Amino acid sequence: MTRLEDELRGLFDRAATGAPAPAATDLAFDDVIGRANARAARTRRLAGMTSAALAVVMLAATVAAMSRDRDDRESELRVGADTPAASTTTTIPALEVPTISTPPISTPIATVPPVTVTAPRPVVTAPRATVPATTLRPPAGGGCDATNRAIDVAAVLDDGGLLATLGGGDVAVSNDLGATWTFHCGVLVGDGGTHAAFLEPVEGDVVWARLAARDSSQRPFARSADRGRSWTLVGPPVSGMQVYGASFVSPTTVWSWGVIGEMPVLYRTTDGTSWAPVQLPGSQAVGTAVFVDGDAGWATARSGDRAFSTVDGGASWQPANVPATSNILGIDAHDFDHVHLTAILADGRGAAVSTSDGGDTWNVTPTASTIPVAVAAIDDQAAVAVTQSSAVWHTLNGGETWTVVANLAEGPYSPRFVGAAGGRYAVVPSGQMFAVSDDDSRTWRRAIVR
């Protein structure tokens, strides 16, 4: 490096003194740089990757030295300019520092061969679900599977047969207290679906159904003349009426109540085709009602705290002197004189309330900690009620006393009494089960629709 520095310094000295540069100056300079590069290259080859880095450092030192030398010469020139002397013009050629390209240092990246790890896959053997085969008798109605089907509503036919409506518009009939059933599939389908809200056998094989119509555009009734095998839809008493309830007296006599818009109404037909409006009891909307013929019957106010009776087809109504009731829940009658109510008393207790003289006197029987919801009269002496706790109560003396005769442990969420006929037995639906009696409700057994 000392020789190289001397040669470079000589070049600067000649330029500073104005001495003409020899013709071979450029060649000498190139030769100097060439020898430096050659020397650096030899160094890199000897030292490898580390020498390359050292060469860069040496080159930087060389450039720095050249720069210091040039600064010193420029300082000497400025000092000489301040001293009087003959005017001399000196042109200093610009120093051109060649660019030295250093090849990039490449470090080989170690290549790790991929390792394939194969984990044993667990084999899980799940047992295949086994569905037990069920053998069903082909139903007479055409093949619907009504095994263990839930009951919508049910009724007792005049001859003691049982009639139940199921989901999907299916109807089941039993003539042996639920031991066997005949199914009629998809026969009871209304405008708003297949759910029946009430059934009432009225005479022989004639059965009426009130459907769960959602609005006044849907027909609210259905009528069967063959014990539920086939049905005919029947429209409301008047267009635009929303039906809330009905009392079916005979194949042609029906009372129906509800609203038109927000106005409460009550209608009656005695020929099964033409309907006439009837005066409301006490000018109040009807909550529930039971009629024994085309003229006589009982109705409760929708507010639940009053009851009324009529014997002239609704032309006039007499308030019933029902004692201390705050809410009447259900009503049924064997005839006009023998009437039974389920109610909540003013003190909050549930009770069965009965009359055997057309409402002149009433007998009140509290039902302890439970509330009777529905009631049905079997004859002029026997009646049965079902409570919210699924207990079955009965009376055999016209409502003078009531006794608990059964407690359905898996009772319904909203118990509904279904009916009674001929004093032979009564039926209470409880989910998929009937509680049936054929001895005036003294003893009960269960029957399942399947």
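These figures come from a predicted structure and were not determined experimentally. For reference, positions follow the sequence shown, starting with 1.
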Hey, could you give me the [atom1]/[atom2] distance between [X] and [Y], rounded to the nearest 0.5 Å?
X      : Y      : atom1 : atom2 : result
Leu157 : Glu203 : CG    : CD    : 13.0 Å
Leu199 : Leu163 : CG    : CG    : 5.5 Å
Thr403 : Trp393 : OG1   : CH2   : 8.0 Å
Ser356 : Asp380 : OG    : CG    : 8.0 Å
His184 : Thr165 : NE2   : OG1   : 13.0 Å
Asp176 : Trp181 : CG    : CH2   : 8.5 Å

Under 4.5 Å between any side-chain heavy atoms of [X] and [Y], yes or no?
X      : Y      : value
Gln318 : Ser316 : yes
Trp208 : Val202 : yes
Thr387 : Val373 : no
Leu233 : Leu211 : yes
Val156 : Val427 : yes
Arg210 : Phe221 : yes
Phe434 : Leu177 : no
Arg302 : Gln284 : no

**Message:** Please evaluate residues Val311 and Phe336 with respect to the criterion side-chain contact (heavy atoms from CB on, under 4.5 Å), reporting the C-alpha separation (whole Å), side-chain torsions for both, the decisive distance (0.1 Å), and the verdict.
**Reply:** CA-CA 9 Å; Val311 293; Phe336 182 80; 3.6 Å; yes
**Request:** Would you mind checking if Arg227 and Asp159 are paired as a salt bridge, meaning a charged N to carboxylate O distance below 4.0 Å?
**Result:** yes
Side-chain ([X]) to main-chain ([Y]) donor-acceptor, under 3.5 angstrom:
X      : Y      : answer
Arg445 : Ala435 : no
Asn175 : Gly161 : no
Asp170 : Gly186 : yes
Asn363 : Gly399 : yes
Thr269 : Ser274 : yes
Thr367 : Gly350 : yes
Asp158 : Gly204 : yes
Asp191 : Arg219 : yes
Ser224 : Ser230 : yes
Thr300 : Thr288 : yes

Could you report the tightest heavy-atom contact between [X] and [Y], atom names first, then the distance?
X      : Y      : answer
Ile328 : Ala307 : CD1-CB, 3.9 Å
Val153 : Ala197 : CG1-O, 3.5 Å
Ala172 : Leu166 : CB-CD1, 4.2 Å
Leu396 : Ala382 : CD2-CB, 3.9 Å
Val259 : Pro264 : CG1-CA, 4.0 Å
Trp298 : Ala320 : CZ3-CB, 3.7 Å

**Item:** Verdict with reasoning, Val449 to Ile151, per side-chain contact (heavy atoms from CB on, under 4.5 Å)
**Value:** CA-CA 8 Å; Val449 180; Ile151 301 166; 3.8 Å; yes
**Message:** Taking ring pair (Phe, Tyr, Trp, His ring centres under 6.0 Å) as the cut-off, I'd like each qualifying pair that reaches into residues 305-332, sequence neighbours left out, listed once.
**Reply:** none
**Request:** Please test Asn327 against Leu329 for side-chain contact (heavy atoms from CB on, under 4.5 Å), starting from the C-alpha separation and ending with a verdict.
**Result:** CA-CA 6 Å; Asn327 194 359; Leu329 304 175; 3.8 Å; yes
**Under the salt bridge (Lys or Arg N to Asp or Glu O under 4.0 Å) test, residues paired with Arg442 that sit two or more places apart** = Asp440
**Polar contact flag, side-chain donor to acceptor under 3.5 angstrom, Asn397-Thr395** = yes
**Prompt:** Is it true that the side chains of Ser441 and Asp439 contain a donor and an acceptor less than 3.5 Å apart?
**Reply:** no
**Prompt:** So, do Trp402 and His340 have ring centers that fall under 6.0 Å from each other?
**Reply:** yes
**Request:** Let me see the working for Asp205 and Asp226 under side-chain contact (heavy atoms from CB on, under 4.5 Å), right down to the final yes or no.
**Result:** CA-CA 5 Å; Asp205 293 338; Asp226 53 11; 5.5 Å; no
Under 3.5 Å, side-chain donor or acceptor atoms of residues 241-252 against the rest of the protein: list the pairs with distances, not counting sequence neighbours.
residue: Gln242; atom: OE1; partner: Ser216; partner atom: N; Å: 3.3
residue: Gln242; atom: NE2; partner: Ala213; partner atom: O; Å: 3.4
residue: Ser247; atom: OG; partner: Phe291; partner atom: N; Å: 3.1
residue: Ser250; atom: OG; partner: Thr252; partner atom: N; Å: 3.2
residue: Ser250; atom: OG; partner: Thr253; partner atom: N; Å: 3.0
residue: Ser250; atom: OG; partner: Thr253; partner atom: OG1; Å: 3.2
residue: Thr252; atom: OG1; partner: Thr270; partner atom: O; Å: 3.3

